[in-house]
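Below is one structure, written out as structure tokens, with a few remarks after it.
Predicted model only: the values in this text are computed from it and were never measured.
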Amino acid sequence: MTESCSIFSECLLEDLDWSKHRASYRDGISPSNLPPGYTLRPLQRDDYERGYCELLSHLTKVGDVTQKMFEDQFNLMRCTKVHYVVVVHHTPTDKIVGSATLLLEHKIIHTAANRGRLEDVVVHPEHQGKQFGKVITGRADPTGGEN
């Protein structure tokens, strides 16, 4: 098994103030309170083995991505520090069942501000209906959609 390494520090998720997030949830579900057996965390290098590419195939054509290709791309994304990929991990099956990517853009305009956009939002069909799409987009966009 590949050594585990996160695409960004999990402390970034833990330190966010989610009170600004305007989404409403049912049944007590929230970014900090998932159903039992599910966790939110950054993408890890060994998530290839947890079916990350298979999950993405529910969104678009992934192609024949080998583990080495995945790891090389992961390392590049990790080094550039502009990709913040948040995943939902289903611990009983050890599979990744949801994902969203916040892509950070460094701007000259807007007084040299940073802007982000959400991409590649997907939830495995067997795990849809549990509000994971709303939860992971909330985790990937801690501003709650504020401009």
Shortest non-hydrogen separation from [X] to [Y] and the atoms involved:
X: V121; Y: A100; answer: CG2-CB, 3.9 Å
X: V62; Y: C53; answer: CG2-O, 3.6 Å
X: F74; Y: C5; answer: CZ-O, 3.1 Å
X: Q128; Y: V123; answer: NE2-O, 2.9 Å
X: F8; Y: V85; answer: CE2-O, 3.4 Å
X: R78; Y: S6; answer: NE-O, 2.7 Å

Check this for me: I108, atom CD1, are more than 12 non-hydrogen atoms of other residues, nucleotides or ligands nearer than 6.0 Å?
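No - once you tally the heavy atoms of other residues, nucleotides and ligands closer than 6.0 Å, there are 12 at most.
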Beyond-backbone contact of [X] with [Y], side-chain heavy atoms, under 4.5 angstrom:
X: Q67; Y: E49; result: yes
X: L104; Y: H83; result: no
X: L34; Y: F132; result: yes
X: P42; Y: L13; result: yes

Inter-residue atom distance [X].[atom1] - [Y].[atom2], 0.5 Å rounding:
X: R115; Y: H110; atom1: CZ; atom2: NE2; result: 5.0 Å
X: R45; Y: E71; atom1: CZ; atom2: CD; result: 6.5 Å
X: L55; Y: H124; atom1: CG; atom2: NE2; result: 7.0 Å

Any side-chain to backbone donor/acceptor pair from R41 onto V87? Under 3.5 Å, distance only.
no
Is the ring pair H127/Y38 parallel, tilted or perpendicular, if the boundaries are 30 and 60 degrees?
perpendicular
